[in-house]
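Heavy atoms only: backbone and side chains are in, while hydrogens, waters and symmetry mates are out. All residue numbers in this chain count up from 1 along the given sequence. Counting starts at 1 for both ligands and their atoms, in listed order.
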Amino acid sequence: MARVTLEHVTKRYEDIVAVDDMNLEIEDGEFVCLVGPSGCGKSTTMETIAGLTKPTEGTVRIGDADVTTLPPKDRGVSMVFQNIALFPHMDVYDNISFGLRLRDYDKEEIDRRVDRAADIVQLEGMLDREPNELSGGQQQRVAIARAIVREPAVFLMDEPLANLDAKLRVHMRTELQRLHKQLDTTIIYVTHDQAEAMTMSDRIAVINDGRLQQIAPPLTCYNEPANLFVAGFIGSPSMNFVNGDLANDGLRTDHYDLEFDPAAFPLEGIDEVTAGIRPEDIYLERNTESVVDPSATIEATTDVLEPMGDEIFVYLSLDGSSAEMMTSDEASTASNQLLMSVDPDETIEADQQVSIVLDRSKVHLFDAASGEAITHGVADESVHEAPTADAEGGATEVESGGQRD
Ligand code: ADP
């Protein structure tokens with residue numbers, strides 16, 4: 001077990017800033033996912049921790065030791081990557097045990113660890129196969145087992161499940177969480193898949209353009225996103241956004257007004273506000289009794305319906321325009337459209353006039369210019385304030401709900 005700390009870590013490749021002034025503190029035994037879109041700097045951040053790349057500036061610590069210039073083998077870390085490098089002429093047993101044999105562990109201990117790891121990743125009965133007799137998914141499981149047997153202080157995983165089929169990926173998520181519980185090892189896990197990050201981690205570090213956007217427990221990122229980027233990235237389908245002008249009694253958008261008392265929120269000096277509302281926080285007016293603090297009624301036309309089994313996604317048009325050209329990404333930003341989710345047993349059809357309400361206690365406000373969150377909830381009794389930005393990096397540490405103890 002070890003704590004991992006990044007202090008002002010920057011990595012430049014000529015004119016590309018892959019990692020930009022990253023500050024991260026990952027606790028002993030914590031499971032943290034680095035999540036963000038492709039090219040945002042997740043892998044490079046991981047590589048600075050692994051020792052595969054040296055930061056241009058800043059310090060990396062594992063435990064109390066400054067490891068910024070130490071080679072990977074001296075850091076007490078084990079790595080698993082998406083692209084697997086197995087020894088082609090060694091069988092699975094030898095591949096998994098290679099590191100242990102180098103370190104002269106006795107045969108009994110090696111057998112014990114290999115058997116346990118093989119059991120965890122479901123490779124029992126395959127220990128005498130060579131890599132070319134395994135599928136891509138099975139090869140990746142060998143790579144994970146090879147890291148497991150080393151029982152490292154820190155486990156580094158870069159998209160290790162990306163090549164597995166969907167069912168095995170879900171199974172491996174559970175197994176990795178179980179493994180984490182058993183070993184009590186610090187795990188740092190890179191993924192572009194926000195659902196994977198949400199389901200596995202104690203905390204998520206959301207990264208964009210090389211910069212840390214927010215590090216917080218998954219539900220805090222979901223319910224109290226620090227900025228527009230986190231709000232749009234976490235959650236699928238994405239949050240709906242609409243820009244509006246502030247008035248004395250709320251926000252005026254192109255197709256509806258959202259009433260609240262602007263004086264109740266820190267809105268001074270902010271000209272344009274972006275409101276955000278998740279699909280599940282929009283309701284048919286006939287179901288208003290279940291809404292804590294409903295907005296005024298908004299008239300809409302149902303456009304496309306997507307029945308998902310456990311819910312139905314309903315694309316709504318606020319001006320009668322067709323959604324022919326609309327994709328789910330556009331739906332989240334176009335002011336004349338909203339994406340709503342309703343119960344699967346709801347009677348609803350395409351091209352139907354509907355009255356909807358927004359749950360005001362779930363409406364987020366952001367400064368449109370900076371993207372920073374202003375408030376999460378505009379209901380009258382709402383006293384929620386947005387987390388204050390960290391003066392150094394603009395990143396936000398939110399310490400509430402679901403935090404490891
Ligand atoms: P992610 O893992 O989030 O997809 P990376 O950390 O791999 O992102 O890359 C971040 C940025 O740094 C990208 O723009 C990428 O092209 C660039 N980059 C990564 N490695 C190198 C390298 N060795 N040389 C030049 N640019 C690199």
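Ranking protein heavy atoms by distance to atom 17 (C) of ligand 1, first place goes to Ile16 CG2, 4.0 Å. Nearest protein heavy-atom contact of atom 6 (O) of ligand 1 is Thr44 OG1, 2.5 Å. Among all non-hydrogen protein atoms, the one lying nearest atom 27 (C) of ligand 1 is Tyr13 CD1, 3.3 Å. Of all protein heavy atoms, the one lying nearest to atom 8 (O) of ligand 1 is Gly41 N, 3.2 Å. Nearest protein heavy-atom contact of atom 4 (O) of ligand 1 is Gly39 N, 2.7 Å. Looking at atom 7 (O) of ligand 1, its nearest protein heavy atom turns out to be Ser43 CB, 3.8 Å.
Using 4.0 Å as the threshold, Gly210 has no heavy atom nearer than that to any atom of ligand 1.
The residues Lys11 and Glu47 are annotated as not salt-bridged, no charged nitrogen and carboxylate oxygen being separated by less than 4.0 angstrom. Salt-bridge check for Asp257 with Arg252: passed, with a basic side-chain N closer than 4.0 Å to an acidic carboxylate O. Checked for salt-bridge contact, Glu108 and Arg112 miss the test: no charged N lies under 4.0 Å from a carboxylate O. Ion pairing of Arg101 with Asp94 is present here, as a side-chain N (NZ or NE/NH1/NH2) and a carboxylate O approach within less than 4.0 Å. Under a 4.0 Å N-O distance rule, the pair Asp165/Arg169 does not qualify as a salt bridge.
Classified by interplanar angle (parallel below 30°, tilted 30° to 60°, perpendicular above 60°), the ring pair His376/Phe366 is perpendicular. Between Phe260 and Phe265, the ring planes lie perpendicular to each other; the angle is over 60°, past the 30° to 60° tilted range.
Those atoms of ligand 1 that come under 4.0 Å of a heavy atom in Ala18, given as number and element, are 10 (C), 11 (C), 12 (O). Interface atoms of ligand 1 facing Ser38, defined by a heavy-atom separation under 4.0 Å, are 4 (O). Close approach of ligand 1 to Cys40 (heavy-atom distance below 4.0 Å) involves ligand atoms 1 (P), 3 (O), 8 (O). Within ligand 1, the atoms closer than 4.0 Å to a non-hydrogen atom of Pro37 are 3 (O), numbered from 1 in the order shown.
Side-chain N or O atoms of Asp66 include none that pairs as donor or acceptor with a backbone N or O of Arg61 at under 3.5 Å. Under the 3.5 Å distance criterion, the side-chain polar atoms of Asp293 are left unmatched by any main-chain donor or acceptor of Ala379.
Under the 4.0 angstrom criterion, atom 20 (N) of ligand 1 counts as having a protein heavy-atom contact. Counting protein heavy atoms under 4.0 angstrom from atom 11 (C) of ligand 1 gives one or more.
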